[in-house]
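Data first, discussion second: the structure below is written as structure tokens.
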Amino acid sequence: MAKRKLNKRQAWRIEKIQQEKAQRAQRKERDISEQLNAGELGEEIHGQVIAHFGTQVEVEDQNRDKYRCYLRANLGSLVTGDKVVFRPGPETLVVTTGETVRTGVVETVLERSSELSRPNPYNEIKPVAANIDFIVLVIAPEPEAHANLIDRYLVAAENCYIEPIILLNKTDLLNDVSRPRFDDMLSTYEELGYRTLRVCSKEESSLGEFKEFLNNRVSVFVGQSGVGKSSLIDTLLPEEELKVGALSHASKKGRHTTTTARLYHFPAGGDLIDSPGIREFGLWHMNEDEVLHGFKEIRHLSGYCRFRDCNHEKEPGCAILEAVEKGEISELRFSSYKRILETLTEL
Ligand code: GDP
Ligand code: ZN
């Protein structure tokens with residue numbers, strides 16, 4: 001993205017804002033260290049960030065007690081899902097709500113096992129959640145799941161190195177025509193090594209295997225609008241109904257990029273990190289290398305073409321075209337790969 005040239009006055013203003021930010025950070029650090037010196041902070045505890053509010057994070061300890069935590073100045077930015085070491089501080093009264101909350105100071109952030117990133121409003125790719133085990137890609141017969149769209153989500157998941165699982169929801173809407181089509185489609189993905197599951201969010205009895213799958217893991221639910229993500233979450237998190245409703249309501253008003261991701265505990269076990277922004281995961285600009293990386297069966301052949309700059313179109317000795325011809329790469333996946341590359345040049 002081209003940098004806009006700033007005039008003197010703008011540059012001066014930005015500088016001033018930066019200085020003020022730095023001063024605020026120093027003041028915060030001073031307040032915290034004053035508390036520290038006064039012996040007001042307790043022993044170090046392990047916890048996990050379950051929500052993020054500007055300069056503070058909500059951290060939960062192993063007993064699920066919650067703390068409003070400040071961050072040490074050198075920590076960088078934390079995201080929901082981060083595992084941290086923090087020291088509890090005094091209880092504080094929140095004037096607006098009349099509640100008392102525990103406070104604390106985050107001392108250390110532990111290394112992330114994974115990061116889910118997406119572009120911020122300035123088009124910079126930034127992490128929005130950490131330590132996620134699975135991306136649950138929800139699809140449905142209605143709105144119909146096109147293979148090409150599924151592949152786009154899979155490309156995004158492959159590029160985050162988080163395992164995707166394909167969940168077909170609304171199985172009650174399958175009929176004699178669509179059922180075999182979905183069976184075929186899902187078996188193509190299973191052959192590639194992706195897990196698939198079938199559920200109907202309206203029938204809780206159909207969710208048994210899925211609940212087992214979610215247990216002991218941290219998941220995010222992604223997929224196009226209307227496939228039933230909110231309904232699934234409502235069923236799996238009955239007590240959080242209001243919050244989930246509030247989230248989807250916010251997204252309809254277009255405030256999605258500002259709504260923070262939150263970590264929820266499924267009563268049947270396992271955690272969900274959710275935000276409207278996360279639900280849209282994957283539908284943004286990618287580059288050619290990322291697209292190739294996203295198709296695992298194509299990626300591992302790309303080094304074997306005769307020409308190093310092979311476009312895999314009609315070049316002789318193209319390992320990928322040969323594999324398509326032999327049926328080792330499915331034609332559908334190959335045309336999907338081409339299709340996604342084409343849309344890159346259209347943008
Ligand atoms: P989201 O946009 O992915 O969050 O989708 P919603 O949860 O808002 O669901 C979209 C529509 O699909 C709603 O009208 C739901 O009632 C409906 N829906 C969700 N799950 C099912 C299902 O398993 N079967 C059927 N028939 N409809 C469903
Ligand atoms: Zn080639």
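Each ligand, and each atom within it, is numbered from 1 in the order the structure gives. One-based numbering along the sequence shown.
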**OP:** Look at atom 2 (O) of ligand 1 and say which protein heavy atom is nearest, naming residue and atom and giving the distance to 0.1 Å.
**Re:** Gly226 N, 2.7 Å
**OP:** Return the residue, atom name and 0.1 Å-rounded distance of the protein heavy atom closest to atom 25 (C) of ligand 1.
**Re:** Asp172 OD2, 3.5 Å
Original post:
Which atoms of ligand 1 sit under 4.0 Å from any heavy atom of Cys200?
Top reply: 23 (O)
Original post:
Which heavy atom in Phe182 sits nearest to a heavy atom in Pro141, and how many Å separate them?
Top reply: CZ-CA, 3.7 Å
Original post:
Looking only at protein heavy atoms, which one is nearest to atom 17 (C) of ligand 1, and how far off is it?
Top reply: Lys170 NZ, 3.9 Å
**OP:** State the atoms of ligand 1, each with its element, that fall below the 4.0 Å cut-off from a heavy-atom position in Ser201.
**Re:** 19 (C), 20 (N), 21 (C), 22 (C), 23 (O)
Original post:
Counting N and O atoms only, with roles assigned by atom type, does the side chain of Asp82 sit under 3.5 Å from a partner on the main chain of Val49, one being a donor and the other an acceptor?
Top reply: no
Original post:
So, is Gly228 polar-close to ligand 1, with some N/O to N/O distance under 3.5 Å?
Top reply: yes
Subject >> Cys305 SG and Cys310 SG subtending at the Zn ion (ligand 2) (10° steps) >> reply: 110°
**OP:** Not counting sequence neighbours, which residues clear side chain to side chain contact (heavy atoms under 4.5 Å, CB included) with Lys16? List them please.
**Re:** Trp12, Glu20
Original post:
What atoms of ligand 1 come within less than 4.0 Å of a heavy atom belonging to Ser225?
Top reply: 2 (O)
**OP:** Check whether any side-chain N or O of Asn287 sits under 3.5 Å from a backbone N or O of Asp289 as a donor-acceptor pair, and report yes or no.
**Re:** yes
Original post:
Heavy atoms of the protein only: does one fall short of 4.0 Å from atom 13 (C) of ligand 1?
Top reply: no
